[in-house]
Amino acid sequence: VQLVESGGGSVQPGESLSLSCAVSGRALDDYDIGWFRQAPGKEREGVSCFSRNDGSTYYATSVKGRFTISRDNAKNTAYLQMNSLEPEDTAVYFCVVRDTFYSAPYNCRQSQGGNWGQGTQVTVAS
């Protein structure tokens with residue numbers, strides 16, 4: 001399976017970006033999905049995750065109410081809509097798919113394992 005992320009860029013605080021994660025090689029609905037980010041000098045953190053077991057989602061406290069995870073099985077693509085971006089959101093964003101039945105919160109605590117994309121840079125600065 002291969003993952004290709006896109007949609008990153010440089011924006012000003014308060015603006016929006018939509019990240020995409022195109023999956024090839026296997027159906028997206030075979031997987032739990034996660035979006036992680038890693039800022040310079042910091043550990044990778046789970047931002048938002050989706051559980052295929054029960055369809056539930058999880059958001060890190062820092063992004064709750066601003067970010068939305070979604071998926072389009074017909075396009076085999078996962079998305080992360082990011083609104084009201086803040087400088088603290090600056091990081092490389094990664095998507096990951098796992099052939100598991102994790103809960104969404106548990107999925108977002110696993111910074112290793114699964115199939116990862118190459119990452120896309122998001123920079124928020126005025």
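Positions are given from 1 along the sequence. Note: hydrogens, waters and symmetry copies are ignored here, and every other heavy atom, side chains too, is used.
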Selection residues 60-70 - residue pairs positive for salt bridge (Lys or Arg N to Asp or Glu O under 4.0 Å), sequence neighbours left out: Arg66-Glu86, Arg66-Asp89
Validation row: Val97, Leu28 side chains within 4.5 angstrom (heavy atoms): yes
In a table with atom names and distances, give each donor-acceptor pair under 3.5 Å that connects a side chain of residues 18-27 to protein atoms at least two apart or in another chain.
from, atom 1, to, atom 2, distance (Å)
Ser18, OG, Gln81, OE1, 3.4
Arg26, NE, Asp30, OD2, 3.0
Arg26, NH1, Asp99, OD2, 3.4
Arg26, NH2, Asp99, OD2, 3.0

Separation of Asp29 CG from Asn73 CG (nearest 0.5 Å): 4.5 Å
Any donor-acceptor N or O pair under 3.5 Å, side chains Asp72, Thr77: no
Side chain to side chain, Leu17 and Leu85, heavy atoms closer than 4.5 Å: yes
Exam field: side chain Gln38 to backbone Tyr93, donor-acceptor pair closer than 3.5 Å: no
Trp116 vs Arg44 side-chain heavy atoms within contact, under 4.5 Å: yes
Contacts of type side chain to side chain contact (heavy atoms under 4.5 Å, CB included), residue Ser56, not counting sequence neighbours: Ser51, Asp54, Ala104
Closest contact, heavy atoms only, Arg52 versus Thr100: NE-O, 2.8 Å
Val47 vs Tyr59 side-chain heavy atoms within contact, under 4.5 Å: no
All pairs passing disulfide bond (SG atoms under 2.5 Å apart) where residues 22-80 contributes a residue, at least two apart: Cys49-Cys108
For Val11 against Ser16, the heavy-atom pair lying closest together: CG1-O, 4.2 Å
Heavy-atom check, side chain of Leu3 versus side chain of Glu5, under 4.5 Å: no
Set of salt bridge (charged side-chain N to carboxylate O under 4.0 Å, His left out) partners for Glu15, sequence neighbours left out: none
Pair Trp35 and Phe67, ring centroids less than 6.0 Å apart: no
Tyr31 reachable from Ile69 in the ILVMFWY side-chain graph, under 4.5 Å edges: yes
Aromatic Phe94 / basic Arg37 pairing, under 6.0 angstrom, 45° off normal: no
Side chain to side chain donor-acceptor pair (under 3.5 Å) pairs, two or more places apart, involving residues 103-112: Arg98-Asn107
Test side-chain contact (heavy atoms from CB on, under 4.5 Å) applied to Asn53 and Tyr102, step by step: CA-CA 7 Å; Asn53 190 36; Tyr102 291 162; over 6 Å; no
Hydrophobic cluster membership, Met82 vs Val96, 4.5 Å side-chain cutoff: no
Hphob cluster co-occupancy, Tyr79 + Phe50, side-chain heavy atoms under 4.5 angstrom: no
Donor-acceptor contact present, side-chain Gln121 to main-chain Gly8, <3.5 Å: no
Minimal non-hydrogen separation, Gly46 against Ala60, with atom names: O-CB, 3.6 Å
